[in-house]
Number of protein chains: 2
Amino acid sequence: MSQYEKTCLIRADAGRAIRAILDRIGDKWTLLIVATLHGRRMRFTELQRHIPGISQRMLSLNLRHLERDGLVTRTAHAEVPPRVEYELTERGQTLIGPAVTLAEWAIEHNPDIAESQQAYDARQA
Amino acid sequence: MSQYEKTCLIRADAGRAIRAILDRIGDKWTLLIVATLHGRRMRFTELQRHIPGISQRMLSLNLRHLERDGLVTRTAHAEVPPRVEYELTERGQTLIGPAVTLAEWAIEHNPDIAESQQAYDARQA
DNA sequence: CAGGATCCGAGCGGATACTG
DNA sequence: CAGTATCCGCTCGGATCCTG
């Protein structure tokens, strides 16, 4: 896709598309869960251990949302004690690419942004 | 960068990078403003007209944040009536690429996701 | 025209307690 | 182990009013 077409895309449909994606993954934890789930099946507690700071409630809610969107599958094994495993669907895995792109941007520009913020704050003070 | 390295990247640094980028653009309007500003300088009111539904308050606040991050420049012309123009910085323009990637993902997968949601809701009901 | 100040409601998300 | 239920504070964001 040419740069011009990209421009058109982001202009014409920016509202809907960007709003849609942000409504989906713009919250505090969703993208982090998807990233953590990348490439491996994980149990609830295991997932919680890999995502520092997330509460049971939020993990549970977000997994439900991801399942509803068809981005994650939930597999409950009929055992005692119970074992539930979560895994990215094919569709869920396609989100990894864009997420990485965004993460790379953040990593690359974070230092400069932090510097700009300090300069800005200094001017205000 | 190889796929393996991407995997490592998103694993190892997922928390910080994704959290950083979402804190920056994960809100309701920021990415939309950046997209709207793509390729052209715009005035406050003009910007507001191009982003349906945004309030003066939110546009103002978000522009301030973007300016602080060095993603947008604010140019006030000493005229009556006042004229203020906003423009993406070079750094701001580098965000367009990742944003487009994400928007494309949303456009491509939205229909399937909507379908999954309906199926999920039907199972629950 | 460009925005700051103020008020307010909704909902996101944390802490805690409880259950199959 | 894998959640659900409840409570509650806090922030996001909308509406309105006011100003240089």
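So you know, we letter chains A, B, ... as the sequences are listed, proteins then strands, and number each from 1. This is a predicted model, so every value here is computed, not measured. No hydrogens, no waters, no symmetry mates; every other heavy atom, side chains included, goes into these values.
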Peer 1: Roughly how bent is the helix from C:dC1-D:dG20 to C:dG20-D:dC1 end to end, in steps of 10 degrees, with each end axis from five pairs?
Peer 2: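 Rounded to the nearest 10 degrees, the bend comes out at 50°.
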
Peer 1: Taking side chain to side chain donor-acceptor pair (under 3.5 Å) as the definition, give me every residue that meets it alongside B:Asp112, ordered by chain and number, with sequence neighbours left out.
Peer 2: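 If we apply the side chain to side chain donor-acceptor pair (under 3.5 Å) test to B:Asp112, skipping adjacent residues, there are no hits.
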
Peer 1: Whole-Å distance between D:dC1 C1' and A:Leu47 CG?
Peer 2: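 From A:Leu47 CG to D:dC1 C1': 14 Å.
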
Peer 1: Quick one: B:Asn62 CG to D:dG13 C1', roughly how many Å, whole number?
Peer 2: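 To the nearest whole Å, that distance equals 10 Å.
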
Peer 1: D:dG3 C1' sits how many Å from A:Leu61 CG, rounded?
Peer 2: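 Atom CG in A:Leu61 sits about 11 Å away from atom C1' in D:dG3.
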
Peer 1: Can you name the side-chain contact (heavy atoms from CB on, under 4.5 Å) partners of B:Arg57, sequence neighbours left out?
Peer 2: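 Residues passing side-chain contact (heavy atoms from CB on, under 4.5 Å) with B:Arg57: B:Ser55, B:Leu61.
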
Peer 1: Does anything in residues 43-54 of chain A pair up under side-chain hydrogen bond (donor to acceptor under 3.5 Å, both in side chains), and if so which pairs, sequence neighbours excluded?
Peer 2: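 Matches after skipping sequence neighbours: A:Arg40-A:Glu46.
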
Peer 1: Below the 4.0 Å mark, does D:dA2 have OP1 or OP2 next to a side-chain nitrogen or oxygen of A:Arg43?
Peer 2: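 Checking D:dA2 against A:Arg43, a side-chain N or O does come within under 4.0 Å of OP1 or OP2.
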
Peer 1: Go through the structure and list residues passing side-chain contact (heavy atoms from CB on, under 4.5 Å) with A:Asp27, not counting sequence neighbours.
Peer 2: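 By the side-chain contact (heavy atoms from CB on, under 4.5 Å) rule, A:Asp27 matches A:Trp29, A:Thr30, A:Asn62.
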
Peer 1: I want to verify a distance call: between D:dC1, D:dG13, D:dG3, whose nearest atom is closest to the A:Ser60 side chain?
Peer 2: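 Selected nucleotide: D:dG3.
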
Peer 1: D:dT4 P sits how many Å from B:Gln124 CD, rounded?
Peer 2: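 For the pair B:Gln124 CD and D:dT4 P, the rounded distance is 11 Å.
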
Peer 1: Rounding to an integer number of Å, can you tell me how far A:Asp27 CG sits from D:dC12 P?
Peer 2: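 My rounded result for the distance is 14 Å.
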
Peer 1: Taking 5' to 3' order, which nucleotide of DNA chain C is first and which is last to have an atom within less than 4.0 Å of a heavy atom in chain A?
Peer 2: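 Extent of the interface on DNA chain C: C:dG13 to C:dG20.
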
Peer 1: Under the side chain to side chain donor-acceptor pair (under 3.5 Å) rule, collect the residues that match up with A:Arg74, sequence neighbours excluded.
Peer 2: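 Partners of A:Arg74 under the side chain to side chain donor-acceptor pair (under 3.5 Å) test: A:Tyr86.
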
Peer 1: B:Ala78: what forms a side-chain contact (heavy atoms from CB on, under 4.5 Å) with it, not counting sequence neighbours?
Peer 2: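 side-chain contact (heavy atoms from CB on, under 4.5 Å) check on B:Ala78 returns nothing, list empty.
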
Peer 1: If you take all heavy atoms of A:Gly26 and B:Leu22, which pair is closest and at what distance?
Peer 2: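 Reported closest heavy-atom pair: CA-CD2, 4.4 Å.
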
Peer 1: Measure CD/A:Glu79 against C1'/D:dC1 and give the value in whole Å, please.
Peer 2: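 The distance from CD of A:Glu79 to C1' of D:dC1 comes to 11 Å, rounded to the nearest Å.
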
Peer 1: Checking B:Glu90 now: which residues fulfil salt bridge (Lys or Arg N to Asp or Glu O under 4.0 Å) with it, not counting sequence neighbours?
Peer 2: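 Listed in chain order: nothing, the list is empty.
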
Peer 1: Please enumerate all residues that pass side chain to side chain donor-acceptor pair (under 3.5 Å) together with A:Glu108, with sequence neighbours excluded.
Peer 2: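 Listed in chain order: nothing, the list is empty.
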
Peer 1: How many Å lie between CE on A:Met42 and P on D:dA2, as a whole number?
Peer 2: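 After rounding, the reported distance stands at 11 Å.
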
Peer 1: Would you list the pairs meeting side-chain hydrogen bond (donor to acceptor under 3.5 Å, both in side chains) in which at least one residue belongs to residues 114-125 of chain A, sequence neighbours left out?
Peer 2: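 Residue pairs passing side-chain hydrogen bond (donor to acceptor under 3.5 Å, both in side chains), neighbours aside: A:Ser116-B:Arg91, A:Gln117-B:Asp69, A:Asp121-B:Arg68.
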
Peer 1: Please tabulate, one pair per line, each protein N/O and nucleotide N/O from nucleotides 15-20 of chain D that are separated by under 3.5 Å, including the distance.
Peer 2:
none

Peer 1: Under 6.0 Å from the CZ atom of B:Arg41, do we count more than 12 heavy atoms belonging to anything else shown?
Peer 2: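 Not more than 12 within 6.0 Å, no.
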
Peer 1: What is the distance from CD1 of A:Ile33 to P of D:dA2, rounded to the nearest Å?
Peer 2: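 Distance, rounded to whole Å: 15 Å.
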
